[in-house]
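Below is one structure, written out as structure tokens, with a few remarks after it.
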Amino acid sequence: MAKSMRLDKLLGHCGWGTRRQLKELCKGGHVFVNGQCCRDSSVKVDPEEDQISVDGTPVVYEAFYYLMMNKPAGVLSATEDRCSRTVLDLLPQQYQGAGLFPVGRLDKDTTGLLLLTNDGVWAHRITAPKKHINKIYIAEVDGSIPDDIDDVFQGGIVLADGLQCLPARARKIEEQTVEVTVQEGKFHQVKRMCAAVGLSVRALCRHTIGGLRLDETLRPGEFRPLKEEEREFPFMNK
């Protein structure tokens, strides 16, 4: 990112409004740069050096955001949709102009750990299959869980459409509950893998990506920024 950037771009990134709204905000004398009123929203500023405020409130600029969300059911893992709410709709105004996107996808009815960022390089390190990052799900199922389900999953499930999955793991937790570990994220993959061994998934929750577990204090729809040390955890399987 360039050292200097337009004032309206910086303010928009920090959630202060659209470019038109920010232009009016500046014209109205609400924005100050280094203690001086700035009425030109196109002026170049240095996000690291310049002190910027709106009506006395300091503007805190962060180039990249890293969030953990407990995704609720009924919400799309997408940046926008004409018919349904997306995970970005659950975020406050502060994040709306920062270009965040979900890291990978969870089905609309799947819940649990979802990461959001605007750092494409960081996201790729998590989602690229060759990185072999474990994603662990808890599936509530109908049907009888086979005794050899782990052996079958480790052998590489072949889905109904002929698609070959990478070796995975499966562990029976309770009579109708199985833990599934995969390193890829094909469309409806866990559900389709379970279907291949005669199981119908009625509820699915992701709780782990690499070494990063879902914060159990987050209620469905809630989120929090990742701690600095957590930003490296998704790249290490534990």
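Using a 4.5 Å heavy-atom threshold, the side chains of Q183 and I133 count as separate. At least one side-chain heavy atom of E179 sits under 4.5 Å from a side-chain heavy atom of I136. When side chains are defined from C-beta on, F223 does not count as touching V87, because their heavy atoms never get closer than 4.5 Å. When side chains are defined from C-beta on, Q189 does not count as touching K135, because their heavy atoms never get closer than 4.5 Å. The shortest distance between side-chain heavy atoms of I52 and C14 does not fall below 4.5 Å. Annotation: side chain of R206 is not in contact with side chain of V190 (no heavy-atom distance under 4.5 Å). The closest side-chain heavy-atom distance from M5 to K44 is not below 4.5 Å. Counting heavy atoms from C-beta outward, L100 and L88 have side chains that approach closer than 4.5 Å.
In the model, S77 has no side-chain atom that pairs as donor or acceptor with a side-chain atom of K71 under 3.5 Å. Side chain to side chain, D40 and S42 meet the donor-acceptor criterion of an N or O pair below 3.5 Å.
The backbone N or O of L218 lies less than 3.5 Å from a partner atom in the side chain of N70, making a donor-acceptor pair. Side-chain N or O atoms of R202 include one that pairs as donor or acceptor with a backbone N or O of V141 at under 3.5 Å. Of the possible donor and acceptor atoms, none in the side chain of E140 sits under 3.5 Å from a partner among the backbone N and O of V201. Put simply, the side chain of N34 gets close to the backbone of Q51: a donor and an acceptor are under 3.5 Å apart. Judged by distance alone, the side chain of R125 and the main-chain N or O of K131 form no donor-acceptor pair under 3.5 Å. Between the side chain of W16 and the backbone N or O of V54 there is no donor-acceptor pair closer than 3.5 Å. Of the possible donor and acceptor atoms, one in the side chain of Q96 sits under 3.5 Å from a partner among the backbone N and O of L91. Looking only at distances, no side-chain donor or acceptor of D8 sits under 3.5 Å from a matching main-chain atom of R19. T181 contributes no side-chain N or O that, together with a main-chain N or O of A168, makes up a donor-acceptor pair within less than 3.5 Å. Of the possible polar contacts, one joining the N118 side chain to the A63 backbone as a donor-acceptor pair under 3.5 Å is found.
Residues V197 and I145 fall within the same hydrophobic cluster, defined by Ile, Leu, Val, Met, Phe, Trp and Tyr side chains chained together at heavy-atom separations under 4.5 Å. Tracing side-chain contacts under 4.5 Å through hydrophobic residues (I, L, V, M, F, W, Y), one never reaches L204 starting from L113; they form parts of separate clusters. Under the 4.5 Å side-chain contact rule for hydrophobic residues, L214 and I138 do not share a cluster. Residues V59 and Y95 fall into different hydrophobic clusters, defined by Ile, Leu, Val, Met, Phe, Trp and Tyr side chains chained together at heavy-atom separations under 4.5 Å. One hydrophobic cluster holds both L226 and F64 under the rule that ILVMFWY side chains link at heavy-atom gaps under 4.5 Å.
Within a 6.0 Å sphere centred on CD of E229, other residues, nucleotides and ligands contribute more than 12 heavy atoms. Within 6.0 Å of CG in D147 there are 12 or fewer heavy atoms belonging to other residues, nucleotides or ligands. Counting heavy atoms of neighbouring residues, nucleotides and ligands inside a 6.0 Å radius, atom CD of E228 does not exceed 12 of them. Remark: R6 CZ is packed, more than 12 non-hydrogen atoms of other residues, nucleotides or ligands lying under 6.0 Å away. Counting non-hydrogen atoms of neighbouring residues, nucleotides and ligands closer than 6.0 angstrom, the NZ atom of K9 reaches no more than 12 such neighbours.
Across all their heavy atoms, P102 and T79 have their closest contact at CD-CG2, 4.1 Å. Contact between C37 and F32 at its shortest, heavy atoms only, is N-CD2, 3.3 Å. When all heavy atoms are compared, the tightest approach of G156 to Q164 is O-NE2, 2.9 Å. The heavy-atom pair separating A170 from D150 by the smallest distance is N-OD1, 3.0 Å. What you find for V180 and C194 is that their closest heavy atoms are CG2-SG, 4.5 Å. Minimum heavy-atom separation, Q154 to P167: O-CB, 3.2 Å.
Within the model, atoms CZ of R20 and CD of E24 stand 8.5 Å from one another, a figure rounded to the nearest 0.5 Å. Distance check: C38 SG to L7 CG gives 5.0 Å after rounding to the nearest 0.5 Å. Here L116 contributes atom CG and Y65 contributes atom OH; the two are 13.5 Å apart, rounded to the nearest 0.5 Å. Atom CZ in R105 sits 10.0 Å away from atom CG in D107 (nearest 0.5 Å). Here CG of L166 is found 12.5 Å from CD1 of I157. Values are rounded to the nearest 0.5 Å. Atom NZ of K227 sits about 10.5 Å away from atom CG of L212, to the nearest 0.5 Å.
Among T127, L67, I209, L114, the single residue meeting the side-chain contact (heavy atoms from CB on, under 4.5 Å) criterion with V103 is T127.
Salt bridge annotation for K191-D109: present, with a cationic side-chain nitrogen under 4.0 angstrom from a carboxylate oxygen. With respect to the salt-bridge test (charged N to carboxylate O, under 4.0 angstrom), the residues E184 and K186 qualify.
Relative ring orientation between Y61 and H13 is described as tilted, the plane-to-plane angle lying within the 30° to 60° band.
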Taking it one step at a time, do E222 and D215 satisfy side-chain contact (heavy atoms from CB on, under 4.5 Å)?
-> CA-CA 10 Å; E222 292 185 337; D215 187 336; over 6 Å; no

Might you work through the side-chain contact (heavy atoms from CB on, under 4.5 Å) test for F187 and L159, ending with a clear yes or no?
-> CA-CA 11 Å; F187 181 69; L159 302 179; over 6 Å; no

